[in-house]
Amino acid sequence: MSENFTFNLKATSGKARLGEITMPRGTIRTPAFMPVGTVGTVKAMYLDQVKEGGADIILGNTYHLMLRPGPERVARLGGLHELIRWPGPILTDSGGFQVMSLSGLRKLDEQGVTFKSHVDGSLHHMSPERSIEIQGLLDSDIQMQLDECVALPNEPREIERAMELSLRWAERCRVAFGNQPGKAMFGIVQGGDQPALRIRSAEGLKQLDLKGYSIGGLAVGEPQAVMLDMLRITLPVLPTEKPRYLMGVGTPDDMLKSVAEGIDMFDCVMPTRSGRHGLAFTRRGKVNIRNARHAEDMRPLDEQSSCPATRDYSRAYLHHLVRSNEALGGMLLSWNNLSYYQELMQGIRQAIAEDRFEDFKAETIEMWARGDI
Ligand SMILES: CNc1nc2cc3nc[nH]c(=O)c3cc2[nH]1
């Protein structure tokens, strides 16, 4: 623990980095996967299972929490950690991405965004300052600047406009955040699939003395090759001594290849959302447990796993639960999937510590490709 936010780079293996973020609420081992706790819950999971499974930090969404239960109410209830009973670090997204993707966006201008709630249609305005204020009311440990993430593919002029706006909003968020030693505010690099704009965005954020950098504007449907190209362009510009967080990523394959470029933090709804829909992630690849071939398969997903959901339940039972749309099906598969994701991150960290990450990446991808599950 530390009363400040510090990032300690412990080892490298190629461009892959092993590190630790220490802050008052705990230590985050990187590369880290952050389970998504959108409205103050990692869906279908008890948070002690999430902790037990290896997560050091979870993510909350400002957009959802500002609509329900509301930031002032969360503050009156003692802050998000108290409300949801998660004592460790929480990172909050700033809301911009969800406004674009979920709400009835009414207006976006220099001041901020005006939108209609997808919950009850009520009208809301969010400025960079209000986003930071909300994240402060939530008592968030790592706060994101408000930004504008444009869809890809897109016109270079449109990507440039959104990137420049996000840079100006980063400055306003930096001022609004002020000086909070035990907390951090990350800037978000934008610039779409345009190398020159990515470099300009990263250079602009570097002037702001930030404690970490998110890579935004990706995992919006672009090919993986484009995402990785943008990492190769952007990461060398960013300070090596600060953490880099790739937003919304991703599959195990995405994460392995992004760690290889120098990413330290990830978040993705993939393991929990696909778990609720009957998709299991295992060491040997994906298993669609809804498939009829599992109906009488008494094997567990992986008898060698330390996760009870993975080791103690037959595929036949999981198949039955998912086909019957029983809550326990989504619960057990979410538990399995998050355990697998954390097991993968632990394997990644161990491989970097032993300077054999490239081999680990190749072996893991090959094991997935072989399937045989
Ligand atoms: C699932 N993919 C994805 N989730 C994202 C969240 C984001 N938040 C803020 N800013 C972003 O650019 C951004 C991009 C994202 N891509």
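All values below were derived from every heavy atom in this structure, side-chain atoms included, with hydrogens, water molecules and symmetry-related copies excluded. Residue indices begin at 1 and follow the sequence shown. Order of listing sets the numbers, starting from 1, for every ligand and every atom in it.
Put simply, the side chain of T114 never gets that close to the backbone of H125: no donor and acceptor are under 3.5 Å apart. A donor-acceptor pair is defined here as one N or O able to donate and one able to accept, closer than 3.5 Å; no such pair exists between the side chain of T92 and the backbone of G60. Listed for the T12 side chain is no donor-acceptor partner under 3.5 Å among the backbone atoms of K15.
Exactly one residue among T41, L59, V42, I58 makes a side chain to side chain contact (heavy atoms under 4.5 Å, CB included) with V36. That residue is L59.
Not counting sequence neighbours, the partners of T310 by the side-chain hydrogen bond (donor to acceptor under 3.5 Å, both in side chains) test are N336.
Within the 4.0 Å heavy-atom criterion, neither part of M144 lies near ligand 1.
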Please walk me through it: do S339 and E343 pass side-chain hydrogen bond (donor to acceptor under 3.5 Å, both in side chains)? CA-CA 6 Å; S339 297; E343 182 187 310; over 6 Å; no
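For atom 16 (N) of ligand 1, the closest non-hydrogen atom on the protein side is L218 O, 2.8 Å. Counting only heavy atoms of the protein, atom 2 (N) of ligand 1 lies nearest to A219 O, 2.8 Å.
For the residues F186, Y245, Y63, F97, the heavy atom positioned nearest atom 5 (C) of ligand 1 is part of F97.
Look at Q98 and you'll find every heavy atom at least 4.0 Å from all atoms of ligand 1.
Ligand 1 places these atoms under 4.0 Å from at least one heavy atom of G217: 11 (C), 12 (O), 14 (C). Close contacts of ligand 1 with D147, meaning ligand atoms under 4.0 Å from a residue heavy atom, involve 9 (C), 10 (N), 11 (C), 12 (O). Every atom of ligand 1 is numbered from 1 in the order shown, and the set under 4.0 Å from a heavy atom of G216 is 11 (C), 12 (O). Counting atoms of ligand 1 from 1 in the listed order, those under 4.0 Å from a heavy atom of D93 are 6 (C), 7 (C), 8 (N), 9 (C).
For H81 and D141, the side-chain atoms include at least one donor-acceptor pair closer than 3.5 Å.
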